[in-house]
Amino acid sequence: MAHDHTDFMARAIALSEKTSLVESAGGVFGCVIVQDGEIIAEGANRVVAENDPTWHGEIEAIRKACKSQGTFKLRDATLYTSAEPCPMCMAAAYWAGIKRVYYAAQVEDALEYGGFDDSMIYAELKKDVSERSIPTTQIMRTEAVEVWKKYAQKADRVPY
């Protein structure tokens, strides 16, 4: 069966409706990951149900896709999400090697209709680490770097 972008996005939107309006599990966020024209994984926001601030639809879908494919890189995959990815989810898409992202609602829509305001996170990430609102202090770099040096020499290390 041939699918197009609207079929995949419609599924992501349906997942967002189910998780938010039917299950009351989290926000209005659903996601599907597609490879070779077929959905290989789905995810939905379950932040409230799981008491887990990282349980976003994109994160769940990426985890499931990687597990089903037996790899941590989804180089030929496309991600469809019902709303523009937050910084965490977009970073996960980069780390997973997603080749393309399609989104429906914008960040502004999530703010206007759901009260989801990520603007502080975007602003914080632009700041120097010393100026961020969560105090961040580097300690024990020498000890940590010693482990990195050993890792660099590890013969059977899996490259990222």
Side-chain angles (χ1 to χ4, degrees), residues 8 12 15-16 19-20 23 25-108 110-111 114-160:
F8 299 129
L15 289 165
S16 78
T19 199
S20 64
E23 298 172 344
V28 190
F29 306 103
C31 178
V32 298
I33 297 180
V34 174
Q35 208 165 38
D36 299 323
E38 298 296 326
I39 294 174
I40 61 169
E42 299 181 342
N45 186 291
R46 295 190 53 82
V47 167
V48 174
E50 305 298 334
N51 292 314
D52 181 347
T54 68
W55 203 305
H56 291 197
E58 297 92 335
I59 299 295
E60 181 180 37
I62 289 169
R63 287 176 180 158
K64 288 179 176 179
C66 288
K67 188 169 188 166
S68 75
Q69 300 303 302
T71 181
F72 56 85
K73 288 292 183 186
L74 303 169
R75 288 188 172 84
D76 296 321
T78 302
L79 186 147
Y80 294 83
T81 181
S82 63
E84 190 174 352
C86 73
M88 175 183 69
C89 292
M90 199 64 214
Y94 280 108
W95 284 328
I98 298 287
K99 74 173 183 179
R100 183 150 189 144
V101 173
Y102 289 90
Y103 66 94
Q106 296 177 200
V107 168
E108 294 81 5
L111 175 59
F116 290 90
D117 187 2
D118 294 339
S119 62
M120 183 275 295
I121 297 170
Y122 289 105
E124 286 289 303
L125 292 175
K126 290 179 184 178
K127 294 178 183 176
D128 183 85
V129 71
S130 65
E131 298 173 1
R132 294 181 184 163
S133 63
I134 296 176
T136 306
T137 306
Q138 183 180 32
I139 62 172
M140 297 182 69
R141 178 175 181 248
T142 302
E143 293 84 350
V145 169
E146 285 305 314
V147 178
W148 277 105
K149 289 177 181 177
K150 291 174 187 174
Y151 180 74
Q153 301 304 314
K154 186 172 168 38
D156 62 345
R157 170 172 64 130
V158 177
Y160 281 60

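The number of heavy-atom neighbours closer than 6.0 Å to CZ of R141, taken from other residues, nucleotides and ligands shown, is 12 or below. Under a cut-off of 6.0 angstrom, the local environment of NZ in K67 is sparse, with at most 12 non-hydrogen atoms contributed by other residues, nucleotides or ligands.
Shortest non-hydrogen contact noted between G43 and A61 is N-CB, 3.7 Å. Of all heavy-atom pairs between A44 and E60, the closest is N-OE1, 2.8 Å. Pairing each heavy atom of A77 with each of I33, the nearest pair is CB-CG2, 3.7 Å. Pairing each heavy atom of V107 with each of E84, the nearest pair is N-OE1, 3.1 Å. Contact between A65 and A41 at its shortest, heavy atoms only, is N-CB, 3.4 Å. The heavy-atom pair separating G30 from S16 by the smallest distance is N-CB, 3.4 Å.
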Name the atoms and distances for all side-chain donor-acceptor pairs under 3.5 Å in residues 94-103, with sequence neighbours left out.
{"unit_1": "R100", "atom_1": "NE", "unit_2": "Y102", "atom_2": "OH", "d": "3.1"}
{"unit_1": "Y102", "atom_1": "OH", "unit_2": "H5", "atom_2": "NE2", "d": "3.3"}

Return all side-chain donor-acceptor pairs below 3.5 angstrom for residues 45-52, not counting sequence neighbours, or 'none' if the list is empty.
{"unit_1": "N45", "atom_1": "OD1", "unit_2": "G27", "atom_2": "N", "d": "3.0"}
{"unit_1": "N45", "atom_1": "OD1", "unit_2": "V47", "atom_2": "N", "d": "3.1"}
{"unit_1": "R46", "atom_1": "NE", "unit_2": "E50", "atom_2": "OE2", "d": "3.2"}
{"unit_1": "R46", "atom_1": "NH2", "unit_2": "E50", "atom_2": "OE2", "d": "3.1"}
{"unit_1": "D52", "atom_1": "OD1", "unit_2": "T54", "atom_2": "N", "d": "2.8"}
{"unit_1": "D52", "atom_1": "OD1", "unit_2": "T54", "atom_2": "OG1", "d": "2.6"}
{"unit_1": "D52", "atom_1": "OD2", "unit_2": "T54", "atom_2": "OG1", "d": "3.4"}

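Under the side chain to side chain donor-acceptor pair (under 3.5 Å) criterion, K127 pairs with E124, sequence neighbours left out. Legend: residues meeting side chain to side chain contact (heavy atoms under 4.5 Å, CB included) with C66, ordered by chain and number and at least two apart, are I62, L74. Partners of D117 under the side chain to side chain contact (heavy atoms under 4.5 Å, CB included) rule, at least two apart in sequence or in another chain, are L111, S119.
For the salt bridge (Lys or Arg N to Asp or Glu O under 4.0 Å) condition, the pairs that include at least one residue of residues 145-156, sequence neighbours left out, are E146-K149, K154-D156.
At least one side-chain heavy atom of P87 sits less than 4.5 Å from a side-chain heavy atom of L125. Under the 4.5 Å side-chain criterion, counting only non-hydrogen atoms from C-beta, I39 is in contact with F8. By the 4.5 Å heavy-atom criterion applied to side chains, L15 and S82 are not counted as neighbours.
Distance CE/M90 to CD/E58: 9.5 Å, rounded to 0.5 Å.
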